[in-house]
Amino acid sequence: MEGSSKTLRLYNTLTRSIEPIYPLERNPLRLYACGPTVYTYAHIGNFRSFLTADLIVRVAQALGWQTVYVCNVTDVGHLTVDDYADASGQDKLERALRSEEGRRFPNIWDLARYYTQAFLEDWQTLKLVEPDVRPRATEHIRQQILAIEQLVKTGHAYETRQGVYFHVPSFPDYGKLSGNRDPEQLARAVRDVVQDPEKRDPRDFALWKKDEKHLMQWYSPWGWGFPGWHIECSVMSMEYLGETFDLHLGGEDLIFPHHECEIAQAESLTGKPLARYWVHTRFLLVEGEKMSKSKGNFFTVRELIFPPEAGGQGIDPMALRYALISGKYREPLNFTRKHLRDSIRIVQRYQEAARHVEAALESDRSGPDRLGDRLSTIYDKTLEALCDDLNTPVALAAALEGVKLILGFGDQLNRASAESARRWLDQIDALLGFVYPPERPCAHTRREKDPFVEKVERLLAERDAARRARDFARADAIREQLLQMGVEVMDTPEGTRWRRKVLV
Ligand SMILES: Nc1ncnc2c1ncn2[C@@H]1O[C@H](COP(=O)(O)OP(=O)(O)OP(=O)(O)O)[C@@H](O)[C@H]1O
Ligand SMILES: [Zn+2]
């Protein structure tokens, strides 16, 4: 098998070192990536993290391994301050339902379904590998309840009037992933959060929240309520991958508390390590700050790739994919216009090379294969760079040499060389995923309107009506409101036009 002599090496957050990765015995490589909370569209920062998982799966497959890849959907609303271990605060899904955009959904279940669907479309648009299992938290409530019951039975959890908590002192290894071991520091981390006075230790975190008013609730041995966020991933990962699996992935913000808490719960249940390697992606930044749903400083896939008439910027999804993988996953990546422009140009060169190759395959130009050996060396270098802790900048630079080689032949490419070039482009596409366009880009929501676009159109109609009624103060106020939403309004002789503030 091509490249099978290579070793994949990745940085393991647990051991704080780069380690060779290999599956256990004769098992496939088993991976779990924490999926999105579906209360709004996922942003491209989220996709940066999913792309790390995607590349690892692709590299593993290129090395000839079998893989089992699980990526969940968090469709139970977890809480706005979930970066605190005890998960108090307001439910993100409920808050979304009360927002202006959320009002169009009749209930919380429809809202979660809608954004799940949108997420899956974005996933396909960016050509991420389809996971073998995509478990939904709402479909695994029974398993979560059973796990919590077991933790209570074994003395790792206890009930209060407000909920059920995992008792951190019952798991001495708490802190092994994040290094957050100092109890006082951990207690300070939760100081600003509404706390349950019956909690036995400030570090204890919620497994079950009792709440008869919560919009998503299930009946449990502790009455009506809903599970904590951390338990969902412990349960779903073990359900599909076994008690110990290979890689657990997510963005850097998940190291603590989410993954630390997952380890505590799962390892208390089984007495075995949950995952052998923990891999975390650094943030995608906008002007030096984390791109984040809650901060509102984000770009969604659709606002970048939709055509301008649908409120987007018409960017090739493959260029967006290229931009998102072009930085090392272990370093923060600043998302800039220049970066996106460069990626657009590079992907266009690949597309041009693919066109040349297709034309040459149709031609009757004979002659020896003058590309096969050189391209195969380049493929090797590309894969080797990815095996080196996913060094994507080096991998992409290596692959670009192949494109230059192909383009260097111009119209003189013969059939034999074109066959090698086509094989190479296919291989690079399997490995990096941006050479050919996606098969199924965002079809669903192209028919169904984006709620943002709907809102803009409604405001523009109101503004037109105000102008007709010569209520210019009202018209100006609406224009200002649109501006604050990032929308520029242009009055032209053909009528009112609008566009999002342009990025490129
Ligand atoms: N800016 C970012 N860059 C890279 N990964 C990110 C970024 N923001 C979130 N992630 C990762 O995306 C995945 C899904 O995240 P999730 O849906 O829970 O929401 P979130 O975007 O972190 O929410 P919020 O923005 O409200 O904090 C997680 O692995 C998370 O660590
Ligand atoms: Zn998770």
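Just so you know, ligand 1 is whichever comes first in the structure, and atom 1 is the first atom listed for that ligand. Along the sequence shown, residues are numbered consecutively beginning with 1.
Atoms of ligand 1 lying under 4.0 Å from any heavy atom of S292, numbered from 1 in the order shown and given with element: 24 (P), 25 (O), 27 (O). The contact set between ligand 1 and D253, taken as ligand atoms under 4.0 Å from a residue heavy atom, comprises 22 (O), 30 (C), 31 (O). The distance from ligand 1 to the heavy atoms of H43 drops below 4.0 Å at these ligand atoms: 7 (C), 8 (N), 21 (O), 25 (O). Numbered from 1 in the order shown, with element, the atoms of ligand 1 that lie under 4.0 Å from a heavy atom of Y39 read 26 (O). Every atom of ligand 1 is numbered from 1 in the order shown, and the set under 4.0 Å from a heavy atom of G250 is 29 (O).
For the pair R276 and Y22, the cation sits on the ring face: its NZ or CZ lies under 6.0 Å from the ring centre, inside 45° of the axis.
The shortest N or O to N or O distance between F283 and ligand 1 is not below 3.5 Å. Note: an N/O pair closer than 3.5 Å links S49 and ligand 1 by distance alone. At under 3.5 Å, not a single nitrogen or oxygen of T281, backbone or side chain, sits near a nitrogen or oxygen of ligand 1. Taking any N or O of G45, backbone or side chain, at least one lies under 3.5 Å from an N or O belonging to ligand 1. For G251, a nitrogen or oxygen atom sits less than 3.5 Å from a nitrogen or oxygen atom of ligand 1, counting backbone and side chain alike. Residue contacts with ligand 1: P36 is placed with no nitrogen or oxygen under 3.5 Å of a nitrogen or oxygen of the ligand (distance criterion only).
Neither the backbone nor the side chain of F119 has any atom closer than 4.0 Å to an atom of ligand 1 (non-hydrogen atoms only).
Residues L8 and L386 come closest through the heavy atom pair CD1-O, 4.0 Å.
Nearby protein atoms of type N, O or S around the Zn ion (ligand 2) amount to 3 (distance under 2.8 Å).
Ion pairing of E267 with K176 is present here, as a side-chain N (NZ or NE/NH1/NH2) and a carboxylate O approach within less than 4.0 Å. No salt bridge links K199 with D196; every basic N to acidic carboxylate O contact stays at or beyond 4.0 Å. Salt-bridge formation is not detected for the pair D211/K213: no Lys NZ or Arg NE/NH1/NH2 atom is positioned less than 4.0 Å from an Asp or Glu carboxylate oxygen. For the pair R142 and E149, the salt-bridge criterion is not met [side-chain N within less than 4.0 Å of a carboxylate O]. Salt-bridge annotation for D389 and K328: present, with a side-chain N of the basic residue lying under 4.0 Å from a carboxylate O of the acidic one.
Looking at residues two or more places apart in sequence or on another chain, you find no ring-ring contact (aromatic ring centres under 6.0 Å, His included) involving Y69.
Under a 3.5 Å cut-off, the side chain of R30 and the backbone N or O of G242 do not form any donor-acceptor pair.
To the nearest 0.5 Å, atom CZ of residue R48 and atom CG of residue L285 are 8.0 Å apart.
For Q66, the CD atom sits in a loose shell: 12 or fewer heavy atoms of surrounding residues, nucleotides or ligands are nearer than 6.0 Å.
Taking the six-membered ring where the residue is Trp, Y41 and Y115 present perpendicular rings, their angle passing 60° and hence far from 30°.
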